[in-house]
Amino acid sequence: KSHVFMFTTSSHHLSRLSVFVVGETNVGAIVAIGSREKIMVAKQGIGDAARRSGCSVQTIRYYERINMVAPPIRTSGNQRVYDDDAIDRLTFIRHARALGFGLDAIRELIGLSANPDQDCTQIDAIAKTHLEAVQKRIGQLRVLEAELKRMVEACAHRTVSQCRVVQVLSDHEICAG
């Protein structure tokens with residue numbers, strides 16, 4: 001549960017106080033520091049992190065095991081607690097995976113993104129390499145599509161013994177590709 005308390009202060013360093021109730025007796029406080037536009041939300045459990053990031057709970061645990069995300073802090077009840085930075089990292093990983101990047105490339109992208117003022121040549125190279133692999137795979141899939149079309153169209157739809165699909169699958173030499 002998250003309870004948010006707003007208060008006014010003459011200092012712009014402290015703009016919002018969030019209290020996150022982890023259990024019946026465990027309470028932790030998070031103070032957002034910075035402008036009112038960039039306010040941290042209360043730390044959240046793994047279920048909330050899963051909902052916000054689009055990753056499953058099992059996937060989050062896997063990413064922790066392989067060190068794609070830092071191990072979360074734990075409550076006295078041993079529950080994982082995630083902050084906005086961890087959820088942003090999970091979202092980044094999920095989106096990169098959806099685009100087909102491998103875990104090694106994502107790990108490298110995360111490392112490179114830690115230096116926002118650095119030249120992005122290495123990041124561009126990783127993306128270009130991935131694009132080339134995707135284009136190669138698309139070419140392979142087009143060949144596969146053409147062979148499957150030929151196989152299906154050549155079938156006379158009579159009996160299994162006369163089925164062109166079964167014949168082609170049984171003898172790779174019959175394939176055009």
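- Applying the side chain to side chain contact (heavy atoms under 4.5 Å, CB included) rule to S161 yields the partners T159; only residues at least two apart in sequence or on another chain are considered.
- Here I138 contributes atom CD1 and R142 contributes atom CZ; the two are 6.0 Å apart, rounded to the nearest 0.5 Å.
- Panel note: side chain R94, backbone S53; a donor-acceptor pair is recorded below 3.5 Å.
- Side-chain atoms of D83 come within 3.5 Å of backbone atoms of A86 as a donor-acceptor pair (strictly under, hydrogens ignored).
- Linking Ile, Leu, Val, Met, Phe, Trp and Tyr whenever their side-chain heavy atoms come within less than 4.5 Å puts L141 and L148 in one cluster.
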Please tabulate, one pair per line, all N/O donor-acceptor pairs under 3.5 Å involving side-chain atoms of residues 54-65, not counting sequence neighbours.
residue, atom, partner, partner atom, Å
S56, OG, T59, N, 3.0
S56, OG, T59, OG1, 2.8
E64, OE1, R80, NE, 2.7
E64, OE1, R80, NH2, 3.3
E64, OE2, R80, NE, 3.4
E64, OE2, Y82, OH, 2.2

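- Considering all non-hydrogen atoms of both residues, V165 and V152 come closest at CG2-CA, 4.3 Å.
- Within the model, atoms CD1 of I126 and CD of Q122 stand 7.0 Å from one another, a figure rounded to the nearest 0.5 Å.
- Taken together through direct or relayed side-chain contacts under 4.5 Å among Ile, Leu, Val, Met, Phe, Trp and Tyr, L144 and M151 form part of one hydrophobic cluster.
- Looking at heavy atoms from C-beta onward, R51 lies in side-chain contact with D48 at the 4.5 angstrom threshold.
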Name every donor-acceptor pair, under 3.5 Å, that has one atom in a side chain of residues 97-113 and the other anywhere in the protein, sequence neighbours excluded.
residue, atom, partner, partner atom, Å
R97, NH1, F101, O, 2.9
R107, NH2, I66, O, 2.7
S113, OG, L109, O, 3.2
S113, OG, I110, O, 2.8

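- Taking the charged nitrogens against the carboxylate oxygens, E147 and R150 do have a contact shorter than 4.0 Å, which makes a salt bridge.
- With contacts defined as side-chain heavy-atom distances shorter than 4.5 Å, the pair D84/R52 qualifies.
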### Query
Can you list the steps and then say if R74 with V81 is a side chain to side chain contact (heavy atoms under 4.5 Å, CB included)?
CA-CA 6 Å; R74 299 232 181 204; V81 180; over 6 Å; no

